[in-house]
Amino acid sequence: MLYDLAIKNIKQNYLLHSIHIVITALAVLVYFDFSLMAADHKLIRLYQDVLPADQMLTFFSIVVAVLLIVFSIYWNRLLLKQRYQDIGLLQLMGGKISKIVLSISLEILISELIAFGIGILLGLLFYKLLAMILLKISVFKLNIGFFYATKPLLLTLALIPILQIIIFLNNLITIKRHSLIKLLKKKDSNRYSPVPQNRAYLLGVLVIGLMVAAVVMTQHVFRLTYELSWLLHLPESFSFLLVFLIIVGIWTVGMYGLFRIVWPLIFKLIGQNKRFYFKDTHMFTLAELRSWFIQNYRSLAVMSLLMGVAFSMIGIGTLLSRYGMASVDGYTPYSVLTTSKKRAAVVDQLAKERVSYYELAPMHGTVIPISYHLQTVLGDDYVSVANPGLVLTTTTYNYFAKHHHVKTLKLKNHDAALILPVTSIIHDRQYQETGKRPRVKIGEYADLNFNIVKLSNHFPLGQALSFDMAVVVNPSDYAKLSEGIRETYYGFILPKNLSSKAADQIAALDQVQYYHMTDSYLMKYGKGTSKKNPSIFFHNQVYLRQDQQRDMRTAIGLMMFTGVFVSLVFVIAIGELLMLKRLTVAQELEKDYQTLLKIGVGPKRLKRDIIYTQGFIYLLPLVLGFCQSLMVAGVLGIFVNRPSLHLLYLITGVFTLIYAMLYLLTTAFYIRTIHI
Amino acid sequence: MHILEAQQLTKIYGHHLSLKKALTNVSLSVEQGEFLGIMGPSGAGKSTLLNLLSTIDTPTSGRVMMDGRDITHLKGHALAEFRRRQLGFIFQDFNLLDALKVRENIVLPLAVNRLPVDQLQGALTHVASVLGLSELLDYYPSELSVGQRQRVASARTLIVKPQLLFADEPTGSLDSQSATEFLQYLQTINGQEKMTIIMVTHDAFTASFCKRILFIKDGQIFSEIIRQGDRQEFFDRIIDMQATIGGGGKTNALRSGD
Ligand SMILES: Nc1ncnc2c1ncn2[C@@H]1O[C@H](COP(=O)(O)OP(=O)(O)O)[C@@H](O)[C@H]1O
Ligand SMILES: [Mg+2]
């Protein structure tokens, strides 16, 4: 009996269920394949030097699972709402609530099983393809075969009972909470009434103010972090988190207000132009839009925020890849860099390979084993944390600056230039200001040991010499800085890339160099001491740009792969949720459209109205999401030298196309639903 | 000349397997300024006939002429344009747009006709006073009683001054007092504004406001009566005719009362 009812309901609501199936299958596909990849040792091993690929894939698969759960709950709520009347009637006839809920759960289970079946099947089918795409964008030139493991499958299947339990409980509570009368009521029209106009003006201004405030705050996020940590004596990481949460909070409130108050107000104001309002179907369209925003403001706000998350992922990925590539791209003024200890071996190897090269003059520097916490005071502006890689003496710096046509700072004798990594956080503009006001304070870094390891994993010079910016420190600060270990570096410029075999051989010369620090040194620069071996840190001795470049591409490939797929799931889920909502609206408005037809509004005119309205509704979350990603990119861009967002634009373009397809589909279904 | 003429209208619903002949060879003509009633038992084909006459549906065969022009196969823009300028509809369930205020509901057809705003206002004031809606213009339909809603729907129809007004069971959802008031309005409009009205009803009381009544049974015209004396007399004749047809509930009630 229950089963028959469930099947009957699915057939009756096939559109609702197919939307559910599409998004669930897609999420399952991504979740399953990510889990498979994380278990595929052959694949993961390729990344082991670069990134913990399995952890990343697992993390993102969990993100997708969470999204799926959220989507399912939401979708289920819509389904339930459509059934209120039926449920009320069943209850009236003496049906038990738990039985009714069970029948709905069964209906959802059937739809879920279909979706999981499709998702897992496609996951198996496309595994090889996806893995090949991943390898391709990670610039691995090798083939990988089909892979299967049982654990990922079980992990995927485990989602079904989780979803079922959540939905069952959710429905039980919802139905129990609703009185019979409420259930039997046809529809809760005008669930939210518009905010009274005089108050709406005030609130609207407030909302816009909040959103502007959030934007402004993101532009000054580091300054705020420092002010706050200074004011409240908080650790900076904590204070950063606080600022971040405050911004997110304000933005979220703003987003809610935007849909609840501002847009309805705008439509109201447009309506005050009587000439426009009383023309054609404008008043109907405006009233419809207005009530759409008022009634759905919560979900629209959430959708826009999620869209923002999706695009921000892409924005962050784009900038991180710029950040990474900037340290290894053509701007790096050497192809190979070695410590003095390895110089001879490198020269030998280069000669053996018969490659021509040009050697730079020796560079005298100091290896700094910790990340200084620099607070560069620029007027009243703070520039935030930096990881200095190397301090050069004035002479070396000037030599280098001249040789590579970098912007020259005029340094007095005995001053020092603290060379920051090319990708460091100080912006070109700030660099100009620094040049004018050279005051650098060197603070303490709390987490010393952590940073020793972190820094020393990189070649300390790696990014340091590819600078086009510098911070000037005063002699006494320099004295402190130069307590690091002196080291001379040799740079080589190769006109052409090495063959990969030759590159491997040069890279093989690299050995980590261990430095033993004195206790006093550590005592001076940090509080933290490790229980292991606090006085040792290490860094690499041979740096090959080509090699680093490849690693970087590999890392970026993995990041972009996961990021793009996850955000794609986000974007499609949002598009489909909008579809669901719009089709519900179409059902409610069918009579209204028929009335308009009878009044003599042409079907063409109605279709045009629908296409525009729908377009606007679809466009909003997209635009808002994109703006959010630009905001995030704006903050991250500070860290990135020559930030470029082309990749973000490109991927956004592709997503927009996919999203536009959902829009067109929705519009077609919508027009079909209202029978015009 | 007849304002409306139907020739040999036949309507068949459904597809190959389940055909349903709702209307068979119905011909009729309507004069300018008439108040025509269409009566008959439930399922007789009244609504079908009205829909064919009013371009809402197209006949399987036969044609509808208006002012000598064949309107049977108008489509798309031309159809919309024609409906907008010439025809008015009033339905049992009002079909008001919930999202719009009474004022906006009423002027909607004029807005669609792209009338300038000031003319719109004039027309609104006039029609609202005729239908006694002047006080209600700023309410939403959901805030009105059913009788008021039907008046709003009528106002929306009448504001365009259609040549022909079609009404399908317009009093179906009204209590007897609202119905009487509403029918009196229709009578006024028919008399004062010389508007031709065609109204479907199964209710003898409602029908007694008409000047002529066509009776339909099983998709065909069964008979016709024309009002000569006062309304009470007309009402009695309608009841008699219903008894003859053997459909309406009241007839049965009368019989069992004998
Ligand atoms: N869209 C339709 N499809 C199939 N049959 C219909 C349709 N509309 C009406 N009918 C049938 O045609 C007959 C006449 O219907 P209708 O004109 O609505 O009757 P009335 O308005 O007199 O009650 C009825 O038997 C009805 O079932
Ligand atoms: Mg009918």
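Lettering of chains follows the sequences in order, A, B, ..., and the numbering in each one begins at 1.
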If I take atom CD from residue B:Q121 and atom CZ from residue A:F278, how far apart are they, to the nearest 0.5 angstrom?
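So the CD of B:Q121 and the CZ of A:F278 are separated by 7.5 Å.
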Using 0.5 Å steps for rounding, measure from the CD atom of A:E588 to the CG atom of B:D98.
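It comes to 10.0 Å.
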Is the count of non-hydrogen atoms from other residues, nucleotides or ligands lying under 6.0 Å from [X] atom [atom1] greater than 12?
X: B:E135; atom1: CD; value: no
X: B:Y185; atom1: OH; value: yes
X: A:R605; atom1: CZ; value: yes
X: B:Y13; atom1: OH; value: yes

Examine whether an atom of [X] lies under 4.5 Å from a heavy atom of chain B, and if so say whether it belongs to the side chain, the backbone or both; otherwise answer neither.
X: A:K591; value: side chain
X: A:L596; value: side chain
X: A:Y277; value: side chain

Partner residues of A:Q587 under the side chain to side chain donor-acceptor pair (under 3.5 Å) criterion, sequence neighbours left out:
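Result, side chain to side chain donor-acceptor pair (under 3.5 Å) vs A:Q587: A:Q82.
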List for me each residue that meets side chain to side chain donor-acceptor pair (under 3.5 Å) alongside B:T196, sequence neighbours excluded, and say none if there are none.
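Checked B:T196 against side chain to side chain donor-acceptor pair (under 3.5 Å); zero matches.
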Please table the atom pairs, donor to acceptor, closer than 3.5 Å between any side-chain atom in residues 150-166 of chain B and protein atoms at least two apart or in another chain.
unit_1	atom_1	unit_2	atom_2	d
B:Q150	NE2	B:F91	O	3.2
B:Q150	NE2	B:P170	O	2.5
B:R151	NE	B:L131	O	3.0
B:R151	NH2	B:G132	O	3.1
B:S154	OG	B:Q150	O	2.7
B:R156	NH1	B:N95	O	2.8
B:R156	NH2	B:F94	O	3.4
B:R156	NH2	B:N95	O	3.3
B:T157	OG1	B:F89	O	2.7
B:T157	OG1	B:A153	O	2.9
B:Q163	NE2	B:Q86	OE1	2.7

Do you know the tightest heavy-atom contact between A:G602 and B:A80?
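That closest heavy-atom pairing would be CA-CB, 3.4 Å.
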Option from B:L100, B:L97, B:L96 for which side chain to side chain contact (heavy atoms under 4.5 Å, CB included) with A:D592 holds
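Answer to the side chain to side chain contact (heavy atoms under 4.5 Å, CB included) test with A:D592 among B:L100, B:L97, B:L96: B:L97.
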Can you tell me which of A:M283, A:Q594, A:E288, A:H282 forms the most heavy-atom pairs within a distance under 4.5 Å of chain B?
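Result: the option with the highest number of such pairs is A:M283.
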Sort by residue number and list every member of residues 102-115 of chain B having a non-hydrogen atom under 4.5 Å from chain A.
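Within residues 102-115 of chain B, near chain A: B:E104, B:V107, B:L108, B:P109, B:A111, B:V112, B:R114, B:L115.
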Does the B:R83 side chain pair with the main chain of A:G600, one donor and one acceptor, at a distance under 3.5 Å?
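No: the side chain of B:R83 does not pair with the backbone of A:G600.
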